*Asks:* 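One structure, pasted below without further comment.
Chain naming here is simple, since letters A, B, ... match the order of the sequence lines and numbering starts at 1 in each. Note that the structure is predicted; figures quoted are calculated from it, not measured.
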There are 2 protein chains.
Amino acid sequence: MTINQNTFTGEFSYSLDIKGRVNIPAKFRNVLSSDNEQSFVITRGMDPCVWVYPVMVWQSIESELRKLSSLSRINRSFVRSTVRYASSVQYDKQGRIAITPNLIEYAQLGKEALIIGMVNKIEIWNPKSLDSVDQESHKIDSSEFDELANQIIL
Amino acid sequence: MTINQNTFTGEFSYSLDIKGRVNIPAKFRNVLSSDNEQSFVITRGMDPCVWVYPVMVWQSIESELRKLSSLSRINRSFVRSTVRYASSVQYDKQGRIAITPNLIEYAQLGKEALIIGMVNKIEIWNPKSLDSVDQESHKIDSSEFDELANQIIL
DNA sequence: ATAGATTATGGGTAGTTGTGGGTAATTTTA
DNA sequence: TAAAATTACCCACAACTACCCATAATCTAT
C-alpha cells in the first residue's frame, strides 16, 4: 500500500534524452493508475523548474480561473500568466513525457533531470539550479523557514 | 484524454502570412473536433489583441445579450460594442483562419503572431504588445495580482 | 541464485502539422 | 461591362511528433 492515493514523495534522477523526454518514476505512475490517468499538465514552476500536475489537480485550478470575469484587466492578466505556459501531455508506452522546448529552456534542463515529488504535484529540476535556489532561500528566509517548521510537528 | 473538453492552454508562435492567415494550433483544433466544429467567432479583445471564440461559447454570450432590454441606453451601447467587431470564420484544410484587416490593425499584428490559450477562448497577440501590456499591469496592479494568486492554490 | 517481470533509455518510421504558394471563383471598382 | 482586387479552395513540401520496437539494467519472487 502506498502512503496516500494521490501523493508524490521522493527524489529520482533520470535522463532527459535528445528528444526532450523524461521518465515519470514508476512509483508516481502507480499513484495515478487507479484513476486510469495517463495525462499530466506541465507548466512553469514558480522556481526555475517544471511543474507537473495530475489532470485532476489542474482541473480544479482551471475551474477557479473560469470564475474570473474577463472584464477586469487584472483577471485577464492573471489567467494569461497562469495558463500561458501550461500544456497537456500524456506519457508513452514507456512512461515518459515530452517536455516542450520553452520549458526546457526556462528550467535550464540538461542531460540530468531531478524529479521531486511535491505532495500534489511533481517538480523537474536541473540539479544545479536546485542547489543554488535552496541555498539562496535558506540564507534569506531562514527565520520564516523555522517558523513554518515549528507549526508543523515533524 | 485531454485536459477538459473545451479548454485552451499554452502558447504558440505562428506566422501570419501575406494573406492574413494564421494557424490554429493542432491541439486547439483537437479540443473542438469532438463538437465537429470548424467555425470560430473572432472579435476585438479587451486588450490590444484578437479574441477567438469557439461557436458554442460565443452562442452563450449571445444568449446573455438577448436578455438585455433595448429600452436601456447602456444596454444598447453594450450590445453594440460587444457585437460590432465580431465575425464568424472557419478554418481551411490546413487549419488556418483568416484574420480580417481591421482586426489585424487593431491588434497591430505583424509577421509573428503569438497564440495563447485562455481557457475558454484564444488570444492572438503581437509579441511586443503583450510584453508591454503585461509589464504595465504588473506595475499597476501587482498587489491585486498577488491577492488572486493567494486565493488559488497552485 | 536464477528466471521472469518490470523499468529505464535509445532510436526508427509513418503520419501529422506548419508554411508557402497557385488557381479559380467571387466581389469590388472604374 | 471589363479590369482589378479579394477571397476561397487546393496542392506541395519540410519539419516535427507520436507511436512503435529493441535492448540493457533493475527488481521480484520462488
Side-chain angles (χ1 to χ4, degrees), chain A residues 1-2 8-34 37-42 52 55 87-105 109-117 122 124-127, chain B residues 1-3 8-34 37-42 50 52 87-105 109-117 122 124-125 127:
Chain A
M1 195 208 273
T2 51
F8 305 108
T9 55
E11 178 183 273
F12 305 84
S13 176
Y14 286 120
S15 66
L16 183 80
D17 69 19
I18 322 159
K19 294 182 178 178
R21 300 175 293 188
V22 246
N23 213 327
I24 297 295
K27 281 191 179 179
F28 291 176
R29 273 181 268 148
N30 295 336
V31 168
L32 294 167
S33 63
S34 52
E37 298 227 25
Q38 299 188 326
S39 293
F40 294 94
V41 173
I42 61 175
V52 185
V55 173
S87 69
S88 158
V89 294
Q90 18 225 97
Y91 54 77
D92 62 20
K93 258 186 180 167
Q94 284 69 244
R96 292 170 293 189
I97 58 170
I99 313 291
T100 56
N102 54 49
L103 287 177
I104 289 179
E105 201 202 325
L109 293 178
K111 169 85 178 145
E112 197 192 348
L114 208 59
I115 300 199
I116 300 180
I122 300 164
I124 303 177
W125 283 86
N126 175 333
Chain B
M1 192 210 277
T2 50
I3 302 178
F8 305 107
T9 57
E11 179 184 272
F12 305 83
S13 177
Y14 288 124
S15 65
L16 183 80
D17 69 18
I18 321 160
K19 296 180 179 179
R21 300 174 295 187
V22 246
N23 212 327
I24 298 295
K27 281 192 177 179
F28 291 176
R29 276 181 266 146
N30 295 337
V31 169
L32 294 167
S33 64
S34 52
E37 298 227 25
Q38 299 188 327
S39 293
F40 295 96
V41 173
I42 61 174
V50 176
V52 185
S87 67
S88 159
V89 294
Q90 20 223 91
Y91 54 77
D92 63 19
K93 256 186 181 167
Q94 282 71 243
R96 293 170 293 191
I97 58 170
I99 312 290
T100 56
N102 54 50
L103 286 177
I104 289 180
E105 201 203 326
L109 293 177
K111 167 87 178 143
E112 197 192 348
L114 208 60
I115 301 199
I116 300 182
I122 300 164
I124 303 176
W125 283 86

*Asks:* Let me confirm one number: the CD1-CD1 distance from B:Ile116 to B:Ile122, rounded to the nearest 0.5 Å.
*Replies:*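 With rounding to 0.5 Å, CD1 (B:Ile116) is 11.5 Å from CD1 (B:Ile122).
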
*Asks:* May I have the distance from A:Lys93 (atom NZ) to D:dC19 (atom P), rounded to whole angstrom?
*Replies:*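 Between P of D:dC19 and NZ of A:Lys93: 10 Å.
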
*Asks:* With sequence neighbours left out, write down each residue that passes side-chain hydrogen bond (donor to acceptor under 3.5 Å, both in side chains) with A:Asn126, or none if nothing qualifies.
*Replies:*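 For A:Asn126, no residue satisfies side-chain hydrogen bond (donor to acceptor under 3.5 Å, both in side chains) once neighbours in sequence are set aside.
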
*Asks:* Nearest whole angstrom, please: distance from the C1' of C:dT9 to the NZ of A:Lys111.
*Replies:*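 It is 8 Å, rounded to the nearest whole Å.
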
*Asks:* Please report the end-to-end axis angle for the helix from C:dA1-D:dT30 to C:dA30-D:dT1, five pairs per end, rounded to 10 degrees.
*Replies:*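 For the helix from C:dA1-D:dT30 to C:dA30-D:dT1, the axes at either end differ by 30°.
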
*Asks:* What closest approach, in Å, do B:Thr9 and A:Ser87 show between heavy atoms, and which atom pair accounts for it?
*Replies:*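 The pair with the smallest heavy-atom distance is OG1-CA, 4.1 Å.
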
*Asks:* Taking CG from A:Asp92 and C1' from D:dC20, how many angstroms apart are they, rounded to a whole number?
*Replies:*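 For the pair A:Asp92 CG and D:dC20 C1', the rounded distance is 10 Å.
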
*Asks:* With a 4.5 Å limit on heavy-atom distance, are the side chains of B:Arg96 and B:Tyr14 in contact?
*Replies:*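 No, every pair of side-chain atoms sits at 4.5 Å or beyond.
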
*Asks:* Quick one: A:Tyr91 OH to C:dT7 P, roughly how many Å, whole number?
*Replies:*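 After rounding, the gap between these two atoms is 11 Å.
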
*Asks:* Could I get the full list of side-chain hydrogen bond (donor to acceptor under 3.5 Å, both in side chains) partners for B:Gln90, not counting sequence neighbours?
*Replies:*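 Once residues adjacent in sequence are excluded, the partners of B:Gln90 under the side-chain hydrogen bond (donor to acceptor under 3.5 Å, both in side chains) criterion are B:Ser39.
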
*Asks:* Looking at every heavy atom in both B:Val22 and B:Ser15, which two are closest together, and how far apart are they?
*Replies:*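 Looking at all heavy atoms of both residues, the shortest contact is CG1-O, 3.9 Å.
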
*Asks:* With 3.5 Å as the limit, what N/O pairs link the protein to nucleotides 12-18 of chain C?
*Replies:*
| from | atom 1 | to | atom 2 | distance (Å) |
| --- | --- | --- | --- | --- |
| C:dG12 | O6 | A:Lys19 | NZ | 2.2 |
| C:dG18 | OP1 | B:Tyr14 | OH | 2.2 |
| C:dG18 | OP2 | B:Arg29 | NH2 | 2.5 |
| C:dG18 | O5' | B:Asn23 | ND2 | 3.4 |

*Asks:* Grab the CD1-C1' distance between B:Ile97 and C:dT19 for me, whole Å please.
*Replies:*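 These atoms are roughly 16 Å apart.
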
*Asks:* Shortest non-hydrogen contact from A:Ile42 to A:Thr100?
*Replies:*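 That would be CD1-N, 4.2 Å.
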
*Asks:* If you measure from CG on B:Asn23 to OG on B:Ser13, what distance do you get to the nearest 0.5 Å?
*Replies:*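 OG of B:Ser13 is found 11.5 Å from CG of B:Asn23.
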
*Asks:* Is any side-chain heavy atom of B:Leu16 closer than 4.5 Å to one of B:Ile104?
*Replies:*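 In contact.
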
*Asks:* In whole Å, what is the span from the CZ atom of A:Arg96 to the C1' atom of C:dA8?
*Replies:*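 About 8 Å, once rounded to whole Å.
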
*Asks:* Nearest heavy-atom pair of B:Ala98 and B:Val89: which atoms, and what distance?
*Replies:*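 Of all heavy-atom pairs spanning B:Ala98 and B:Val89, the closest is O-CG1, 3.9 Å.
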
*Asks:* Identify the heavy atoms of A:Asp17 and A:Arg21 that sit nearest to each other, and give their distance.
*Replies:*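 The pair with the smallest heavy-atom distance is OD2-NE, 2.8 Å.
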
*Asks:* May I ask you to say what A:Asp17 touches in the nucleic acid, namely base, sugar-phosphate or nothing, with a heavy-atom cut-off under 4.0 Å?
*Replies:*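 Sugar-phosphate, no base atom in range.
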
*Asks:* Polar-atom pairs under 3.5 Å, protein N or O versus N or O of nucleotides 24-29 of chain D: list them with distances, or write none.
*Replies:*
none

*Asks:* Take A:Ile115 and A:Phe28 through the test side-chain contact (heavy atoms from CB on, under 4.5 Å) and record every step on the way to the result.
*Replies:* CA-CA 10 Å; A:Ile115 300 199; A:Phe28 291 176; 4.0 Å; yes

*Asks:* To the nearest angstrom, how far is B:Leu16 atom CG from C:dT19 atom C1'?
*Replies:*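 Distance, rounded to whole Å: 12 Å.
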
*Asks:* Just how far is it from atom CD1 of B:Ile18 to atom NZ of B:Lys111, taken to the nearest 0.5 Å?
*Replies:*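 Answer rounded to 0.5 Å: 7.5 Å.
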
*Asks:* Please write out the pairs of protein N or O atoms and N or O atoms of nucleotides 28-30 of chain C separated by less than 3.5 Å, giving the distance to one decimal.
*Replies:*
none

